[in-house]
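Inspection log for the structure reproduced underneath, given as structure tokens.
Only heavy atoms go into these numbers, but all of them, side chains included; no hydrogens, no water, no symmetry mates. Letters A, B, ... are given to chains in the order of the sequence lines, protein chains preceding strands, and every chain is numbered from 1.
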Amino acid sequence: MQSEWKFTSKDIAEKPDLFMSGHRACAGCGATTVLRLLMKATRGPTIVTTATGCMQIVSSMYPYTSWAVPWVHTAFENVAANAAGIEAAIKIMKKKGRVKHSHVDVIAIAGDGGTYDIGLQALSGAMERGHDFLFVLYDNEAYMNTGIQRSGGTPLGAATTTSPAGTVVPGKLETKKPITEIMAAHEIPYVATASPYYWRDLIIKTRRGLEVEGPAFLHVFAPCPRGWRTDTAKSMELAKLAVETCVFPLWECINGEYQLSAPSKAIALSPEKKKPVREYLQLQGRFRHLFTPKFEKLIDEIQKITDQRWQRLLKKCGVSASKT
Amino acid sequence: MSEKSWKEISIGAVCWKPSTALLTGDWRTYTPVRDPAKCTRCLLCAIYCPDGAIHWKPERNDIEFDYNYCKGCGICANECPTKAIEMKLL
Amino acid sequence: MKNVIKQKVVALNGNEAVAYAVKQSDVDVVAAYPITPQTIIVERFSEYVANGEVETAFVCTESEHSAMTACLTAALTGARTFTATASAGLALMHEMLFVTAGCRAPVVMAVANRALSAPLNIHGDQSDAMAQRDSGWIQLYVENAQEVYDTVIQAFKIAENPNVLLPAMVCFDGFIVSHSLENVNVLPDDAVKAFLGMRQFPTVLTHDGVKAPFRLDPEHPMTLGPAAFPNYYFEIKRQQVEALKNALSVIRQVHDEYAELSGRSYGNGLIEAYRLEDAEVATVCLGSTAGTTKIVVDELREEGVKAGLLRIRTFRPLPVDDIRRALQDVKAVAVLDKCISFGGFGGPVFHEVRHVLYDLDKRPVLVNYIYGLGGRDVPPWQIRQVYEDLKGILKEEKVKEPVNYLGLRE
């Protein structure tokens with residue numbers, strides 16, 4: 001890891017937006033805050049590529065663009081291959097003297113569909129080949145661009161338009177795929193989770209992902225008021241609660257070594273700070289049906305799975321489980 | 001029609017206008033109104049704003065709402081540590 | 001031909017001829033996934049990389065979809081790019097073929113034509129490439145390893161021409177061409193390099209209001225591959241039509257320029273008319289079948305039959321005027337299709353040729369023969385049978401069956 005970049009909130013606020021205003025994202029969109037902060041963390045010449053999805057469509061409605069950096073979209077399932085092609089081209093053209101910049105960072109951005117599901121093959125391949133780029137997953141936990149259909153990233157019990165809460169089925173029956181662990185299992189140099197509420201942590205992790213040589217994977221939590229049936233004002237609050245309930249813990253895996261990030265570490269050290277998942281679920285319309293006698297038990301199940309995953313993570317991070 | 005013909009646009013569908021030309025402020029219902037006396041200039045609102053609609057003006061040591069882009073989501077008001085921002089139906 | 005450059009003769013099969021041409025073309029990025037009968041191309045190229053004979057980033061992707069994607073974005077970043085595939089691999093690329101053409105990325109691809117599943121079949125027919133004929137790519141169908149070599153080099157120059165800027169596929173019959181060893185004349189390395197030159201970039205207007213070279217470059221940020229809705233999508237597609245139209249003259253021009261350098265030509269680059277001047281009966285085909293047919297035509301001519309052959313070398317863009325001129329005075333024409341258009345009226349080449357001739361006042365009688373599917377061999381005697389059928393049609397002034405199957409057990 002290179003020297004830590006020191007910055008103040010003024011530095012960040014002053015830095016021009018490379019993801020520009022006027023984008024067509026819904027009001028209160030968590031993913032756009034993620035993108036703004038992500039682009040604030042860039043360190044120099046950068047090329048961005050985005051998979052088909054919310055962030056692509058809201059930012060590139062021809063003839064308008066929200067991207068102040070070179071940017072390309074090609075399809076849904078292949079953004080890691082986009083990055084691979086760009087990285088390979090830059091590398092060889094630099095060698096041949098046709099790229100004058102000493103270094104060009106490459107960032108691939110995809111939603112949960114373009115990462116967990118349809119994009120997983122291209123992602124796994126690019127990671128295995130060791131291309132030097134940062135893959136950023138903005139996880140709004142369903143196919144929001146096409147109208148809230150379930151994905152491998154949709155959590156247990158969430159209602160989506162393809163996992164609706166009916167009279168007998170309580171929303172999605174399966175748990176969220178542990179995508180970040182899957183990426184860590186690729187033994188790439190940098191894997192991390194982040195939440196935009198903890199904006200400083202997100203920026204630092206983005207910068208680390210760019211600085212590291214080889215592939216980096218950053219999983220960012222991105223509340224979606226439209227799809228989660230939440231108040232537009234609550235997106236950052238939910239991004240905070242997800243961490244506080246350990247539904248979405250913050251951690252890094254650097255060269256195979258797991259470590260908790262500060263907000264989650266604080267909970268590990270003071271387990272009484274860990275909030276019940278109920279507090280997080282009750283703010284969201286997608287979990288509304290769980291607060292009825294018929295499906296109430298599922299909240300306990302969600303709590304149980306959240307706790308199990310948290311304990312497993314603590315173990316990986318070398319934090320004694322007995323403490324919690 | 002103001003749109004261009006196929007002969008007038010560059011090849012390759014290269015975008016030729018910045019999205020800053022799209023004033024998304026007209027989507028807004030509630031408008032954030034700040035009480036400068038309560039505001040500590042912590043800049044959290046500017047950092048969290050999904051629309052980049054709160055600018056930091058170092059020369060005035062103050063923030064400025066850009067209502068051209070503010071969609072009125074209310075994140076700034078929700079996150080303000082001193083509750084200096086109120087969402088108002090203007 | 002005068003001033004023809006001195007060349008060396010190398011024994012290469014079609015695949016090796018591709019790899020050799022790519023090696024000489026100073027390609028920046030090769031991204032590929034192996035598939036029979038194309039695999040030798042990526043294997044040979046890997047050896048060039050392993051031995052330091054090329055300065056190329058070789059990306060062994062996990063699928064053809066990613067291979068095409070990586071070539072596309074590498075090309076948009078300014079690199080000269082190449083890939084190769086066949087059959088199922090080409091089918092897997094299908095989505096990205098349209099995107100590559102739509103993004104105006106001049107990727108060059110070799111396709112060792114192979115049948116599509118099911119049933120699984122590794123042998124040659126043209127169903128794979130024909131299924132992609134409306135993807136916006138330039139499609140060149142070549143006859144033998146020598147033409148493969150010559151055409152791959154030409155393809156880079158055609159694709160990268162700023163008035164074209166479209167991807168191009170060089171198609172050749174799987175196994176028949178891909179695996180047959182031939183004596184191939186190869187140009188000196190520096191002659192190929194000089195012929196191709198550096199990639200040229202047209203200038204485009206960006207969101208910053210500046211005109212900049214069309215590529216992803218931090219020097220001049222631009223947005224590529226956006227979403228375009230009903231207000232602009234149609235205009236952008238119309239530009240692709242124009243680019244393919246421009247390609248017709250560029251293909252000829254590059255072919256002629258290359259002919260001057262190498263001493264080798266293939267008709268006018270678009271079509272090859274073989275003994276067609278005074279022909280009464282003729283066949284139309286693509287690819288290696290033309291080699292077999294030329295022998296049959298020669299034999300028939302010896303026997304006093306006015307037989308000819310039209311080989312379509314450039315299938316996309318379709319050289320409409322050239323095909324019309326070549327066939328307008330022929331009395332009966334048999335179109336050979338190494339592909340079926342299921343549920344249609346004959347094969348795809350038949351569709352196109354018949355369609356093109358419709359506007360002539362006096363047009364030939366046309367019949368179709370589907371042949372060689374799944375790699376079934378077509379010996380000269382079967383081709384001869386086609387000419388016999390055409391003679392019969394002229395004699396009886398009647399077509400019994402417009403769509404026929406050649407070499408099929410009934």
Side-chain angles (χ1 to χ4, degrees), chain A residues 8-37 39-40 58-68 70-73 196-200 202-203 222-226 230-240, chain B residues 2-4 8-10 12-32 40-59 61-64 66-81 85-87:
Chain A
T8 64
S9 48
K10 286 194 174 72
D11 294 335
I12 297 307
E14 261 175 44
K15 227 180 156 183
D17 270 316
L18 298 177
F19 180 71
M20 297 184 282
S21 300
H23 60 74
R24 320 295 284 170
C26 307
C29 170
T32 46
T33 298
V34 171
L35 257 60
R36 278 191 63 232
L37 294 173
M39 296 312 293
K40 298 263 189 186
V58 303
S59 66
S60 71
M61 297 260 267
Y62 185 90
Y64 298 97
T65 179
S66 302
W67 296 96
W71 180 92
V72 65
H73 154 261
Y197 178 81
Y198 303 96
W199 60 275
R200 187 174 280 280
L202 167 60
I203 289 174
C224 168
R226 181 73 188 81
T230 52
D231 182 346
T232 57
K234 302 273 185 192
S235 294
M236 291 305 114
E237 193 177 324
L238 285 161
K240 183 182 180 210
Chain B
S2 63
E3 270 107 359
K4 293 176 187 288
E8 293 168 317
I9 52 174
S10 296
V14 181
C15 288
W16 42 275
K17 284 181 181 176
S19 69
T20 46
L22 297 166
L23 304 184
T24 50
D26 60 6
W27 300 9
R28 189 174 61 250
T29 306
Y30 291 90
T31 301
T40 63
R41 281 74 172 166
C42 72
L43 299 181
L44 262 188
C45 56
I47 285 166
Y48 287 142
C49 177
D51 294 291
I54 305 171
H55 304 306
W56 166 239
K57 299 281 171 188
E59 67 280 8
N61 193 40
D62 203 359
I63 56 160
E64 187 180 274
D66 188 342
Y67 296 112
N68 281 326
Y69 304 111
C70 169
K71 293 169 186 160
C73 68
I75 288 178
C76 53
N78 198 67
E79 299 308 323
C80 178
I85 302 169
E86 201 184 331
M87 298 305 290

Chain A heavy atoms under 4.5 Å from Leu44(B): which part of the residue, side chain, backbone, both or neither? side chain
Top residue by heavy-atom pair count (under 4.5 Å) with chain B, among Lys240(A), Met236(A), Met20(A), Met61(A)? Met236(A)
Contacting region of Cys76(B) [heavy-atom separation from chain A under 4.5 Å]: neither
Below 4.5 Å from any heavy atom of chain B, which atoms of Lys10(A) appear? Answer side chain, backbone, both or neither. both
Atom CZ of Arg41(B): over 12 foreign heavy atoms under 6.0 Å: yes
Go through the atoms of Ala13(B) and report whether side chain, backbone, both or neither lie under 4.5 Å from a heavy atom of chain A. both
In short, side chain to side chain donor-acceptor pair (under 3.5 Å) pairs touching residues 26-36 of chain A with sequence neighbours left out are Asp17(A)-Arg36(A)
Less than 4.5 Å apart, any side-chain heavy atom of Leu22(B) and any of Arg24(A)? yes
In terms of heavy-atom proximity below 4.5 Å to chain A, should Trp27(B) be classed as side chain, backbone, both, or neither? side chain
Value for NZ (Lys234(A)) from SG (Cys73(B)), rounded to nearest 0.5 Å, stands at 12.5 Å
Could you grab the distance from atom OH of Tyr197(A) to atom CD1 of Ile47(B), nearest 0.5 Å is fine? 11.5 Å
Do Thr232(A) and Tyr30(B) have side chains that get closer than 4.5 Å, going by heavy atoms? no
Which residue out of Ile54(B), Leu23(B), Asp66(B), Thr24(B) racks up the most heavy-atom pairs below 4.5 Å with chain A? Thr24(B)
Which of the residues Gly74(B), Cys15(B), Ala21(B) is involved in the greatest number of heavy-atom pairs with chain A at under 4.5 angstrom? Cys15(B)
Can you list everything that forms a side chain to side chain donor-acceptor pair (under 3.5 Å) with Glu14(A)? Sequence neighbours excluded, please. Trp56(B)
Does Lys71(B) reach the main-chain N or O of Ala25(A) with its side chain, forming a donor-acceptor pair under 3.5 Å? yes
Are the side chain of Thr20(B) and the backbone of Ser21(A) linked by a donor-acceptor contact shorter than 3.5 Å? no
Looking only at heavy atoms and a cut-off of under 4.5 Å, which of Ala31(A), Ser66(A), Ser60(A), Ser59(A) has the most pairs with chain B? Ser66(A)
Distance check, rounded to the nearest 0.5 Å: Trp199(A) atom CH2 versus Leu43(B) atom CG? 8.5 Å
Specify which of Ala53(B), Cys70(B), Cys49(B) makes the most heavy-atom pairs with chain A at under 4.5 Å. Cys49(B)
Side chain from CB out, backbone as N, CA, C, O: work out which of these in Tyr48(B) comes under 4.5 Å of a heavy atom of chain A, or both, or neither. both
Main-chain N/O of Glu237(A) paired to Glu79(B) side chain as donor or acceptor, under 3.5 Å: yes
